[in-house]
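In what follows, a single structure is set out as structure tokens and then discussed.
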Amino acid sequence: MQNFTKTTGPQQSLIMALGTIIGVGLTLGIVTQLPLAQATVLTSLGMSGLIVACAYISRPVYWWMAVGAIAGMILGIGGILAGHMAAEKEPLGLNLRLTFVAFQATAGFIAGVLVGRRTPQAHLPTLREFISSLSAITAGLYALIVTGRFLWEGLDPARTLSSRLSTSTTILITLLAIPGALGYLLGRQGKGVHPSRDRPAK
């Protein structure tokens, strides 16, 4: 069995970086060309699709690229939301907030159900390994963004960016994670598998 999450080296680092750059680029391209409500719908679909894909991808190269792209999308849409908060470019009214919440939560729930109904396979990473890898990449990219702002503009702008980006990404991750966990548990129950038995026998 090839352990995706234990594979390290320059090649894997380059793959993760490439995936993250693709995710950020797609997110920025979508959000800057569309109203925030429509961009939210497309990024929600994109992230949920990649989350489901990670449960089935058997090649480490594509798996790491998908995980990196998800992290990039999380921080990309989080950064756009932070920018809207700062510049008040587009007021986040009640209808827009409800749209954002509804689509992110629905996408997370559907992804959770589909991942939960997957039959665990020994050669594929578990959900726990996926979450751990995604968290590490997201945290690392977040640190790079804040540090870059500090080097470019100073401490106060970096502190402001950190606060806003932390707030927006926390909201986004929560809207994906909680419905996603619920959907995952329902998906496992639908297959008659107890969640604690996700790890396949080696």
Side-chain angles (χ1 to χ4, degrees), residues 2-5 7 11-34 36 38-81 100-121 123-142 144-145 165 168-184 186-188 198:
Q2 187 172 18
N3 193 328
F4 291 15
T5 60
T7 303
Q11 182 179 6
Q12 293 310 80
S13 299
L14 179 61
I15 290 169
M16 287 186 289
L18 178 60
T20 301
I21 291 172
I22 292 173
V24 173
L26 289 175
T27 303
L28 292 177
I30 292 171
V31 174
T32 55
Q33 298 297 321
L34 295 174
L36 189 55
Q38 296 179 22
T40 295
V41 175
L42 293 181
T43 52
S44 299
L45 294 174
M47 279 190 287
S48 62
L50 285 171
I51 290 170
V52 174
C54 283
Y56 295 92
I57 293 175
S58 59
R59 296 189 62 180
V61 170
Y62 298 137
W63 190 84
W64 278 114
M65 286 188 68
V67 173
I70 294 169
M73 286 188 175
I74 289 174
L75 287 177
I77 193 67
I80 293 296
L81 287 174
F100 181 79
V101 169
F103 277 96
Q104 293 294 337
T106 301
F109 179 78
I110 293 174
V113 171
L114 294 177
V115 172
R117 294 183 64 83
R118 181 201 69 165
T119 301
Q121 300 180 44
H123 68 288
L124 295 178
T126 63
L127 180 62
R128 180 178 299 178
E129 290 169 339
F130 165 74
I131 293 174
S132 176
S133 300
L134 178 59
S135 298
I137 297 174
T138 304
L141 184 58
Y142 173 87
L144 286 175
I145 293 173
L165 189 59
S168 57
T169 53
T170 297
I171 294 171
L172 175 60
I173 292 173
T174 301
L175 291 175
L176 286 171
I178 293 179
L182 178 60
Y184 179 80
L186 291 175
R188 299 310 289 163
D198 283 344

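These numbers come from a predicted model, not from an experiment. Position 1 is the first residue of the sequence, and the numbers go up from there.
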What are the two closest heavy atoms between [X] and [Y], and how far apart are they?
{"X": "Ala105", "Y": "Pro179", "answer": "O-CB, 3.3 Å"}
{"X": "Val52", "Y": "Ala111", "answer": "CG2-CA, 3.8 Å"}
{"X": "Ala66", "Y": "Cys54", "answer": "CB-SG, 3.5 Å"}

Rounded distance (nearest 0.5 Å) linking atom [atom1] of [X] with atom [atom2] of [Y]:
{"X": "Ile173", "Y": "Thr169", "atom1": "CD1", "atom2": "OG1", "answer": "5.5 Å"}
{"X": "Phe109", "Y": "Leu114", "atom1": "CZ", "atom2": "CG", "answer": "10.0 Å"}
{"X": "Ser135", "Y": "Ile74", "atom1": "OG", "atom2": "CD1", "answer": "8.5 Å"}
{"X": "Ile70", "Y": "Leu50", "atom1": "CD1", "atom2": "CG", "answer": "5.0 Å"}
{"X": "Leu175", "Y": "Phe103", "atom1": "CG", "atom2": "CZ", "answer": "13.5 Å"}
{"X": "Ile51", "Y": "Met73", "atom1": "CD1", "atom2": "CE", "answer": "10.5 Å"}

(Q) Quick one: does any side-chain atom of Trp63 pair with a main-chain N or O of Ile57 as donor and acceptor, under 3.5 Å? (A) no
**Asked** Counting distance only, does the side-chain N/O of Arg188 pair as donor-acceptor with the main-chain N or O of Gly116 below 3.5 Å?
**Response** yes
Those residues at least two apart in sequence (or on a different chain) that pass side chain to side chain contact (heavy atoms under 4.5 Å, CB included) with Ile145 are Leu75, Leu141, Leu161, Leu165
For Thr174, the side chain to side chain contact (heavy atoms under 4.5 Å, CB included) test, sequence neighbours excluded, returns Thr170, Ile178
Side chain to side chain donor-acceptor pair (under 3.5 Å) pairs touching residues 101-111, sequence neighbours excluded, are Ser44-Gln104
